[in-house]
Amino acid sequence: MALRSNPTLRQLRLGAELRRMREQAGLGGSQLARALGINPAHVTQMESGKTGISVERLRTIAALCMCANEPLIEALAEIITDREKGGWWEEYRGTLSGDFLEVAEVEGHALKLTTYTMAFIPGLLQTNAYTGAVFDRSLTPLPRHEVDQRTTFRMRRQEVVRSGATPYTAYIHEAALRMQFSGPAIQAEQLRSLIEDSERPTVAIRVVMFDVDALPLNYENFTYVEGSIPELDTVQTDSSVGNVLFDAPAHLARFRSMLARLDSAAISEDDSRDFIRSIKKDMESKDA
């Protein structure tokens, strides 16, 4: 079987869970290979997502590793039997960096999404003009066609939220509501769109005010992605140097704790909507 040169995130996650299962059982790669009757290199390839496995082999590995977590085994089996070759984001492979595709893929398979942002409106809720303004201010100036392509890609990502298919909660710091990337007119339009989105039944927007005591957060923005079971949750963070994905149990527990603190610190949805309206009025008066 030919090795995959670019495994998808789900294929990589399957491999990571197989490795975690083996390590928790205290088995080395060579030990598992002998028990399966395969070459040790094949185990490495499975765990790196470079080659696929059957559901039957998954269950054999689970038995050898004495894994009794049936929900996890079933969730991994679902990844294996998913015959889709990829989502809409695959159209952009080769034209956009892998970071962009990874974000879309992890969102596309989520059961629920929660974001926290400090400096900008979450990408899943940005207007076309706001997104273009953000990309126009990239650390490395981008040619117009790349700004347009990235903007179009981000607009397509928003379908997971605006279709109502995926419940979404956005914690937005007051700083992001006031930050202007291209003047008060574009910001006011963005805030107007944010108010409309907040009225969608599957969208919750909550503001973290300036006067909240310092939150113990290590990241200025992150997305918590809920999978089919808690063990398959993922956290995605981004910065000027690219995306970082976390899926280790200790990391997931840490980010769940952060979400609990945000839930306690943020004002209610109704109060957030009213507060956003007040800032919008300020922006509109500056543009008058």
Side-chain angles (χ1 to χ4, degrees), residues 1-84 98-99 101-103 105-114 216-219 222-238 242-261:
M1 180 182 294
L3 298 182
R4 300 168 178 143
S5 57
N6 292 299
T8 67
L9 273 180
R10 278 162 69 80
Q11 290 163 346
L12 289 170
R13 186 59 182 277
L14 171 63
E17 292 300 326
L18 291 174
R19 182 180 65 252
R20 191 169 289 133
M21 191 183 295
R22 172 179 60 76
E23 291 174 346
Q24 289 176 347
L27 293 176
S30 296
Q31 290 175 290
L32 181 60
R34 284 195 297 274
L36 292 172
I38 61 176
N39 190 294
H42 195 175
V43 172
T44 300
Q45 291 158 4
M46 289 189 300
E47 294 180 351
S48 63
K50 292 187 177 297
T51 187
I53 68 171
S54 65
V55 172
E56 180 182 5
R57 173 155 286 176
L58 165 67
R59 295 192 182 282
T60 299
I61 292 173
L64 290 170
C65 295
M66 295 180 288
C67 176
N69 188 340
E70 194 60 30
L72 173 62
I73 297 169
E74 290 301 320
L76 296 179
E78 183 180 347
I79 294 177
I80 293 171
T81 56
D82 185 356
R83 299 303 180 186
E84 292 182 356
D99 283 354
L101 275 60
E102 287 178 353
V103 172
E105 183 181 350
V106 76
E107 291 170 347
H109 292 289
L111 288 191
K112 182 180 178 182
L113 293 163
T114 303
L217 299 174
N218 298 322
Y219 301 91
F222 66 86
T223 299
Y224 193 96
V225 184
E226 294 189 26
S228 55
I229 58 173
E231 291 93 327
L232 294 184
D233 289 355
T234 304
V235 174
Q236 178 259 327
T237 68
D238 64 84
N243 294 321
V244 179
L245 297 172
F246 298 94
D247 57 35
H251 287 141
L252 294 177
R254 189 177 308 155
F255 278 96
R256 289 177 187 134
S257 176
M258 291 183 191
L259 288 179
R261 290 177 179 269

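Since the structure is predicted, the reported quantities are computational estimates derived from the model, not experimental observations. Position 1 is the first residue of the sequence, and the numbers go up from there.
- Of all non-hydrogen atoms in Cys65 and Leu27, the two that sit nearest each other are SG-CD1, 4.1 Å.
- By the 30° and 60° cut-offs, the orientation of the rings of Phe222 relative to Phe255 is perpendicular.
- Counting heavy atoms from C-beta outward, Leu101 and Leu9 have side chains that stay 4.5 Å or more apart.
- More than 12 heavy atoms of other residues, nucleotides or ligands lie within 6.0 Å of CD in Glu70, so this atom counts as buried by the packing criterion.
- No side-chain heavy atom of Leu245 sits less than 4.5 Å from a side-chain heavy atom of Arg13.
- When the shell of 6.0 Å around CD of Glu78 is examined, it contains 12 or fewer heavy atoms from other residues, nucleotides or ligands.
- Val106 and Val103 get closest at one heavy-atom pair: CG1-O, 3.2 Å.
- Listed here is the closest heavy atom pair of Thr114 and Leu259: CG2-CD2, 3.6 Å.
- The shortest distance between side-chain heavy atoms of His42 and Leu36 does not fall below 4.5 Å.
- Using a 4.0 Å cut-off between a side-chain N of Lys or Arg and a carboxylate O of Asp or Glu, Arg20 and Glu47 do not qualify as a salt bridge.
- Contact between Val43 and Leu32 at its shortest, heavy atoms only, is CG1-CD2, 4.3 Å.
- Residue Ser228 comes nearest to Ala75 through the heavy atom pair OG-CB, 3.5 Å, listed as atom of the first residue, atom of the second, then distance.
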